[in-house]
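Have a look at the structure below, then the notes.
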Amino acid sequence: MKIYRIHALICAGAQCLAAGGNGLEDALKEELKKHDLTEEVNIVETGCMGSCELGPLMVVYPEGVIYTKVKPEDAAEIVEEHFLKGRPVKRLLWKQEEKRFPTLSEVPFFAKQTKIVLRNCGLINPEDINEYIAQGGYEALAKALTEMTPEDVIKVIKDSGLRGRGGAGFPTGQKWEFAYKQQSDTKYIICNADEGDPGAYMDRSVLEGDPHSVLEGMAIAGYAIGAQKGYIYIRAEYPLAVKRLEIAIKQARAAGLLGKNIFGTNFSFDIELRMGAGAFVCGEETALINSIEGKRGEPRKKPPFPAQKGVFGKPTVINNVETLANVPVIIEKGAQFFRKFGTEKSPGTKVFALAGKVNITGLVEVPLGTPLRTIVFDIGGGIPEGHTFKAAQTGGPSGGVIPAEYLDVPMDYENLPQLGTIMGSGGLIVMDETSCMVDVAKFFLKFTVDESCGKCTPCREGTRQMLNILEKITSGNGTMEDIDRLEKLGNIIKLTSLCGLGQTAPNPVLSTLRYFRDEYIAHIKDKKCPANVCSMRGAKNERKVVNRRPA
Amino acid sequence: MDKIKSIEELRKLREQAQSFLKARQGEAKAKIYISMGTVGIAAGARDVLLAILDELQKRNFTDVQIIERGSMGLDVEEPVVVVERDGVKVFYGHVTPDMAREIVASHVINGQIVSDWVIAKE
């Protein structure tokens, strides 16, 4: 293979492209040609590196120098100064005082993360299977097929304690075993890539940056339960992820890593993409199955569970993208390796999409059980200057808030439910004192009202009534009885809805009522919004925060 | 690409591909620093660099990092090439493309310092 002295990795995740990274690769290549450097410098478009706030990002190896906010206009300077003369362009470097040329291992945002799921994101070219193989890719599949029985594979996954990363945290090994025990000539593996939480994009980044890890995870799962076919159900709003997946599937087929008799064994497995039209409810597994079958995206009642009767009536395992991306690592390195990270009951890592009022928004992967404070302040760089942390919303529209007094809570599947929220798929929205909690609850509830499929009454009618009450409160017409009504209604909807969407929809309201009841009361009794967000009829509120300035 | 039929074939492919990615891992057996300040370039550092790359390519040696640096003040000795291997930094002065090929072959790859051209050690 060709030797290049410089590898320049450009982040080509959707954020960085949207932030102006489109055209950077061409501009750099054009400049390289001018200076006759094309034979020496390898420009690679790679997946998301995580610090989306500072994108478009570029990392230059061998030094590992990080450039932030690189635009196509900067190409000429970078090529002439850095690639030709060896002088990094200072004005574009990651801002850090003590080091002149901070590299990946020196910036806390990167150094404090533990990357298992995102191990290859931002390091390899997602459109080249060779680079995935160079990183040890498909080794786990080879090991599973040639050295392990399906029972062994299931046992390793069970021992590892891997839990579903889609939100519910159900033990993956148990799910596989359940499907394995079903008698059927046809079984299916489905990868749930219908990521719909507002502000969450972990799965998209994995698919864009390291699609082969998901394909490999699916093939291993297929071998374990005895399936020959897999579907990836992905939103049509993720065109880049779809494109990279298509390329990856094509390359894997060409290399014989998907298709008939993989690695010369009796095992055959192939994967097909299915595009969703962006309905939030289709992330619910039974609605997703309906959608794949070409039916209306509405949930079915459980049982029978998909592992018994799933897609086309056959036993089906549905795993989330992040869950599947963990599988090759566990098979290759063993259950004990995986258990080194995270806690006893929640082993491994979790990717969070850090968004909202925080300095460095982006993707962070940390061991489960990492305190919220570490994620927000050490990795995320804290709250923009002049503002204070008020709360963080986890689990998107299905979750709740964590107020400032619980900043040290370990983020795992045990501790979050005790605070009235859930881990969810990994959305983490940070709020400061300028966020009105009633308004936040209203925002999330409005989302679920829009996305409710309408099949069951509690979710269709109940959430609508809750939203009406919230609108009444935020417009200054609320009464104290409304609070009780919200709580009562919320609890009934949780108990009686058909699927996860309705069962979790009241969470943002119930959770903000639990920690920020005083704000609801202020809206009702004083006709005032403490954060000055809601427009209260007849009330003249001063704006408390005049000029927000991001750090 | 050809179908991978066994775990051995996969491992072989992995080894080949791995060397390509070596530069992104931060660790390498040898590091080569080249002064690419104005003086260095004027003295012919570009040609030296190209010769080094070409020689590495010919000998298929990838466990190396090539890092450009600014001038270190030794203008009189430019082009200056520094080879760091086994914990020792060796400075070579007045390097020509032919000398560079020799340095790659004996020092970078085989660890034998070309003492005739050494101007300093660290």
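Here is how names work: the chains are called A, B, and so on, in the same order as the sequence lines, proteins then strands, and each is numbered from 1.
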Counting only heavy atoms not in [X], do more than 12 sit closer than 6.0 Å to its [atom1] atom?
{"X": "A/Lys115", "atom1": "NZ", "result": "yes"}
{"X": "A/Asn266", "atom1": "CG", "result": "no"}
{"X": "A/Lys250", "atom1": "NZ", "result": "no"}
{"X": "B/Lys29", "atom1": "NZ", "result": "no"}

How far does [atom1] of [X] sit from [atom2] of [Y], to the nearest 0.5 angstrom?
{"X": "A/Phe263", "Y": "B/Glu9", "atom1": "CZ", "atom2": "CD", "result": "9.5 Å"}
{"X": "B/Ile4", "Y": "A/Ile262", "atom1": "CD1", "atom2": "CD1", "result": "11.0 Å"}
{"X": "B/Leu50", "Y": "A/Asp36", "atom1": "CG", "atom2": "CG", "result": "7.5 Å"}
{"X": "A/Lys260", "Y": "B/Lys3", "atom1": "NZ", "atom2": "NZ", "result": "10.0 Å"}
{"X": "A/Glu131", "Y": "B/Gln18", "atom1": "CD", "atom2": "CD", "result": "12.0 Å"}
{"X": "A/Tyr132", "Y": "B/Arg14", "atom1": "OH", "atom2": "CZ", "result": "10.5 Å"}

Side chain, backbone, both or neither: which part of [X] has a non-hydrogen atom closer than 4.5 Å to chain B?
{"X": "A/Asn42", "answer": "side chain"}
{"X": "A/Glu39", "answer": "neither"}
{"X": "A/Val60", "answer": "neither"}
{"X": "A/Glu63", "answer": "side chain"}
{"X": "A/Leu84", "answer": "both"}
{"X": "A/Ile124", "answer": "both"}
{"X": "A/Leu123", "answer": "both"}

Taking side chain as everything from C-beta outward and backbone as N, CA, C, O, which of these in [X] sits under 4.5 Å from a heavy atom of chain A? Side chain, backbone, both or neither.
{"X": "B/Leu49", "result": "side chain"}
{"X": "B/Ile41", "result": "side chain"}
{"X": "B/Leu10", "result": "both"}

Answer whether the closest heavy-atom distance between the side chains of B/Arg46 and A/Leu37 falls below 4.5 Å.
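The answer is yes; the side chains approach within 4.5 Å.
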Decide yes or no for A/Pro62 and B/Ile66: does some side-chain heavy atom of the first lie under 4.5 Å from some side-chain heavy atom of the second?
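No. Closest side-chain heavy atoms not under 4.5 Å.
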Which atoms form the tightest heavy-atom contact between A/Glu139 and B/Arg11, and what is the distance?
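Scanning both residues, the minimum pair turns out to be OE2-NE, 2.7 Å.
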Indicate the atoms forming the closest heavy-atom contact of B/Ala17 with A/Asn130, along with that distance.
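Heavy atoms only, the tightest pair is CB-O, 3.4 Å.
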Hey, is A/Arg5 close enough to B/Glu68 for a salt bridge, meaning N to O under 4.0 Å?
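Answer for the salt bridge query: yes.
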Out of A/Ala142, A/Ala255, A/Gly259, which one racks up the most heavy-atom pairs below 4.5 Å with chain B?
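Between A/Ala142, A/Ala255, A/Gly259, the count favours A/Ala255.
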